[in-house]
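See structure below.
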Amino acid sequence: QVQLVESGGGSVQAGGSLRLSCAASGSSRCMAWFRQAPGKEREGVAVTISGRDTPYYADSVQGRFTIAQDSGTNTVFLQMNTLKPEDTAMYYCAADPRWVGDPFQQYEYSYWGQGTQVTVSS
């Protein structure tokens with residue numbers, strides 16, 4: 001069992017930046033960030049897989065968000081730049097010990113954090 005604790009959410013104006021952190025109680029091969037806006041389905045944002053050089057990014061955040069993992073501390077970060085109002089959502093950290101088949105599908109992940117709110121005002 002891996003426990004995940006997110007932090008770093010908050011409120012910013014459009015164009016601003018935030019850095020989310022997810023501290024894991026153990027190591028996982030795949031670690032991801034998902035988000036869910038009110039009235040919308042949860043969607044994958046960024047995924048890092050141990051052994052793969054290139055992370056996965058959703059088209060909507062490509063070039064603005066960067067996912068990085070500190071394997072020494074089992075922490076994954078999401079640096080979010082040039083934030084837009086449409087980035088407003090609850091952001092969740094997810095992890096799985098496997099090399100997942102479809103990195104942006106929720107069902108691939110065994111462990112989830114409680115979420116951290118990100119609000120971007122125009």
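In this text, all values refer to a predicted model and were calculated from it rather than measured experimentally.
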Of all residues at least two apart in sequence or in a different chain, which pass the side chain to side chain donor-acceptor pair (under 3.5 Å) check with [X]?
X: R29; value: none
X: T75; value: T73
X: Q105; value: none

Do [X] and [Y] belong to the same hydrophobic cluster, where Ile, Leu, Val, Met, Phe, Trp and Tyr are linked whenever their side-chain heavy atoms lie under 4.5 Å apart, directly or via other members?
X: L4; Y: V76; answer: yes
X: M31; Y: V118; answer: yes
X: V120; Y: V61; answer: yes

side-chain contact (heavy atoms from CB on, under 4.5 Å) against S122, all qualifying residues, sequence neighbours excluded | P85

Kindly write out the residues that satisfy side-chain contact (heavy atoms from CB on, under 4.5 Å) with Q117, not counting sequence neighbours, or none if the list is empty.
-> T88, M90, T119

Please report, to 0.1 Å, the donor-acceptor pairs under 3.5 Å made by any side chain of residues 14-28, with sequence neighbours excluded.
residue: S17; atom: OG; partner: N81; partner atom: OD1; Å: 3.0
residue: S25; atom: OG; partner: Q3; partner atom: N; Å: 2.8

Exercise answer: donor-acceptor pairs, residues 38-51 side-chain atoms, under 3.5 Å, sequence neighbours excluded:
residue: R42; atom: NE; partner: Q36; partner atom: OE1; Å: 3.4
residue: E43; atom: OE2; partner: R35; partner atom: NE; Å: 2.7
residue: E43; atom: OE2; partner: R35; partner atom: NH2; Å: 3.2

Keeping to residues at least two apart or across chains, list the disulfide bond (SG atoms under 2.5 Å apart) pairs with something in residues 32-87.
-> none

Any disulfide bond (SG atoms under 2.5 Å apart) involving residues 42-75? Give me the pairs, sequence neighbours left out, ordered by first then second residue.
-> none

Considering non-hydrogen atoms only, spot the tightest contact between R64 and L83 and give its length.
-> NH1-CA, 3.8 Å

Partners meeting salt bridge (Lys or Arg N to Asp or Glu O under 4.0 Å) with E108 (sequence neighbours left out) | R98

To the nearest 0.5 Å, how far apart are CE in M80 and OG1 in T66?
-> 11.0 Å

Could you grab the distance from atom CD1 of I67 to atom OH of Y56, nearest 0.5 Å is fine?
-> 12.0 Å

Tell me, which pairs form a ring pair (Phe, Tyr, Trp, His ring centres under 6.0 Å) where one or both residues lie in residues 71-91, sequence neighbours left out?
-> none

Which pairs with one or both residues in residues 94-122 pass ring pair (Phe, Tyr, Trp, His ring centres under 6.0 Å), sequence neighbours excluded?
-> F34-Y109, F34-W112

So, E6 side chain and T116 main chain: donor-acceptor pair closer than 3.5 Å or not?
-> no

